[in-house]
Amino acid sequence: MYDVLIIGAGPAGLSAAIAAREWNLNVLVIDEFLKPGGRLLGQLHQEPDGKWWNGIEESKILLEKAKELNTDIRCGISAHTIEKTDHGFSVYTNEGILEAENLLIATGAAESPAPIPGWTLPGVMSIGAAQVMTNVHRVRVGKKGIVVGVNVLSVAIAREMQLAGIDLECMALPAINSATESHGSPKKVMKALLRIAHLAPSTAIRFGSRFMKGDGTKALAVKFFPKSGVKMWGMPIHLRKAVTRINGTNQVESVTICDITADGEIIPGSERNIEVDFVCIAGGLYPLAELAAVIGCPFQYIEELGGHVPVHNEQMETPLEGLFVAGNITGIESAKVARAQGTLAGLSIAKRKGQNLAKLENQIQQAKMNVRTIRENATIQFHPGIEKGRSRMEEAYYDIVHG
Amino acid sequence: MNSHRILDHPVLGKLTIEKEIPFTFDGKKYTGYEGDTIASALLAQGIRTLRVHEESGSPRGIYCNIGHCFECRVTVDGTPGIRACLTELNPDMIIESGKQQFSPFKSTENQDDLPRTYAEFEKQLKGEKEDEPDV
Ligand SMILES: Cc1cc2nc3c(=O)[nH]c(=O)nc-3n(C[C@H](O)[C@H](O)[C@H](O)COP(=O)(O)OP(=O)(O)OC[C@H]3O[C@@H](n4cnc5c(N)ncnc54)[C@H](O)[C@@H]3O)c2cc1C
Ligand code: FES
């Protein structure tokens, strides 16, 4: 019986393990990937001050710290389901059943699909898949490709592919259908793009923000968005072109692209084919929270957090005794926020063991402040309304526990 | 061989290869590197098709590369349904691509007649019962 079992060895899970080990808890971390680090492993972007955020190095720092504290981390273990027991939790895995008094679910985020016809062909993959192949496995996903879906993640990863010498034809939107929805609307994409202007110190996105600040209508900004796209690091980003289908027999051979109106409607007769041998689809991220659902944790739908999120308070506790959540399962934010949330969760779990409470309480308050500060200063923001989403979650927790 | 590797990287530096790992895929011999998943070792060789759809036979490869979509299922040393993107490549692994399956229950009915939800299924079930003659 462990004091705490942590599912997920991403920045949240590892930081929680470190905090819990510092308070001498008996901790086990499991992760289904072959290496610890989670989505942090693939991350590589330049901060506004010019420094590189290198996920592999950041993971190493966390891992070394965890090792110094003799933390038990086991990879290649998938949690399939969880049961609540009288003494805590039973977690069912491919390596048998694991028992723990407290449970931290830190499973991170998953990518929403943005399906377009032909998307099952080999050579089509999610943008995150390309990130992991490029930066973690150091394998080129193809010779020349196209990125379908323009958002903070896909722009960052397109840059990462360019750095690795992979040729990208351009970035464009997915054609609107019931599944791609807002990802296919130039107006909505434009609005979201303005948040990543700092990633593009070039003319790219600033072009759009000028119009946004001007008379403020998105339609106008989109209307004046050049037909040939704007170039970011030499690669065109198109908001007025959409990919309608992916073509090929045994693998990707080309995509069909067409011009679209500011609302995303296809302009008839504008179709043409572009030869590519890979396609990356970017549909955005949502919290990977199924495991919290199977033990009956209440959920709340909060758009700003990325979808359905297990209800929790600022200390990362859920209404289920002994169940904690941290990182992207609580809402889509950057790795730095996930790391800070992990520390806070680890301390909250230590508090349940009830040692040196005054000192712990002090550390918890500091950790809370830290999460807030890091959130405010985040360079990568997935949703502009994150603060609003967080306070809606506080209300939801209050309603369930005290309501 | 391994021609799709990114050997030099302006920020991440040179690729360090600790150890080569031999394996077979559909009976052919290949080598991957230590730290590879089955999926990355195959892609490095230019192999994208990991299975065909069980019923239609259409080709499939990785989609998410992090264990969520189950599109990359292969058979490893006789065990089917293994996710190639999560599984570490081990020396002398025998990997087989997923094959088309015989589908004995393939429906000859009009698809539109099939229930789409459990509620519809229950309704149809009740409907049939009502139609049954009382014995
Ligand atoms: C594809 C992708 C790319 C991203 N790129 C960036 C980026 O460039 N910059 C950025 O700031 N943010 C990025 N993010 C957001 C990212 O989620 C956060 O930065 C951060 O990694 C979240 O940390 P976490 O610890 O919550 O989860 P993660 O880092 O996702 O770690 C979760 C871990 O849990 C494991 N896991 C999940 N389910 C199970 C299970 N059932 N059993 C066992 N283990 C399980 C996973 O294998 C994973 O290692 C990306 C997210 C995704 C999905
Ligand atoms: S590619 Fe999605 S599970 Fe392996």
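Below, read A as the first sequence line, B as the second, and so on, with proteins coming before strands; counting in each chain starts at 1.
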Q) Do Glu58(A) and Trp53(A) have a side chain donor and acceptor closer than 3.5 Å? A)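 Per modelled atom types, Glu58(A) and Trp53(A) side chains form no pair under 3.5 Å.
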Q: Indicate whether any N or O donor in one side chain lies under 3.5 Å from an N or O acceptor in the other, for Thr256(A) and Asn247(A).
A: yes
If you count heavy-atom pairs within less than 4.5 Å of chain B, which of [options] leads?
options	result
Ile56(A), Asn135(A), Ile166(A)	Asn135(A)
Val141(A), Leu288(A), Asp277(A)	Asp277(A)
Gly123(A), Ala130(A), Gly42(A), Pro113(A)	Gly123(A)

Reported [atom1]-to-[atom2] distance for the pair [X] and [Y], which is rounded to 0.5 angstrom:
X	Y	atom1	atom2	value
His53(B)	Thr120(A)	NE2	OG1	8.5 Å
Phe278(A)	Met161(A)	CZ	CE	5.0 Å
Cys72(B)	Tyr63(B)	SG	OH	13.5 Å

By a 4.5 Å heavy-atom criterion (distance strictly below it), what part of [X] contacts chain A: side chain, backbone, both, or neither?
X	answer
Cys85(B)	backbone
Ala39(B)	both
Ser58(B)	neither
Leu7(B)	backbone
His68(B)	side chain

Hey, are the side chains of [X] and [Y] touching, using non-hydrogen atoms and a 4.5 Å cut-off?
X	Y	answer
Met93(B)	Ile21(B)	no
Ile116(A)	Val124(A)	no
Pro22(B)	Asp92(B)	yes

(Q) Main chain of Tyr30(B), side chain of Gln45(B): is a donor-acceptor contact present, judged purely on distance under 3.5 Å? (A)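 A pair under 3.5 Å: no.
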Q) So, Lys99(B) and Asp26(B), do they make that salt bridge, N to O below 4.0 Å? A)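 The answer is yes: the pair qualifies as a salt bridge.
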Q. Are Lys60(A) and Glu57(A) within salt-bridge range, i.e. N to O under 4.0 Å?
A.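 Yes, this pair counts.
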Pick one of side chain, backbone, both or neither for [X], based on which atoms fall under 4.5 Å of a heavy atom in chain B.
X	answer
Val136(A)	neither
Gln251(A)	side chain
Ser78(A)	side chain
Asn94(A)	neither
Leu44(A)	side chain

Between [options], who has the most heavy-atom pairs with chain A when the cutoff is under 4.5 Å?
options	value
Gly35(B), Gly61(B), Ser40(B)	Ser40(B)
Gly67(B), Cys64(B), Cys69(B)	Cys64(B)
Leu50(B), Val52(B), Ile62(B)	Ile62(B)

Q) Which one of Gln100(B), Arg73(B), Arg60(B) satisfies the side chain to side chain donor-acceptor pair (under 3.5 Å) criterion with Glu54(B)? A)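 When side chain to side chain donor-acceptor pair (under 3.5 Å) is applied between Glu54(B) and each of Gln100(B), Arg73(B), Arg60(B), only Arg73(B) qualifies.
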Q. Could you name the residues of residues 75-84 of chain B that have a heavy atom within less than 4.5 Å of a heavy atom in chain A?
A.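 Residues of residues 75-84 of chain B touching chain A at under 4.5 Å: Arg83(B).
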Q: Quick one: do Leu42(B) and Phe23(B) satisfy side chain to side chain contact (heavy atoms under 4.5 Å, CB included)? Show the steps, please.
A: CA-CA 10 Å; Leu42(B) 286 170; Phe23(B) 67 99; 3.7 Å; yes
Q: In sequence, state the C-alpha distance, the side-chain angles, and the governing distance for Thr134(A) and Glu160(A), and then conclude on side chain to side chain donor-acceptor pair (under 3.5 Å).
A: CA-CA 8 Å; Thr134(A) 309; Glu160(A) 292 167 19; over 6 Å; no
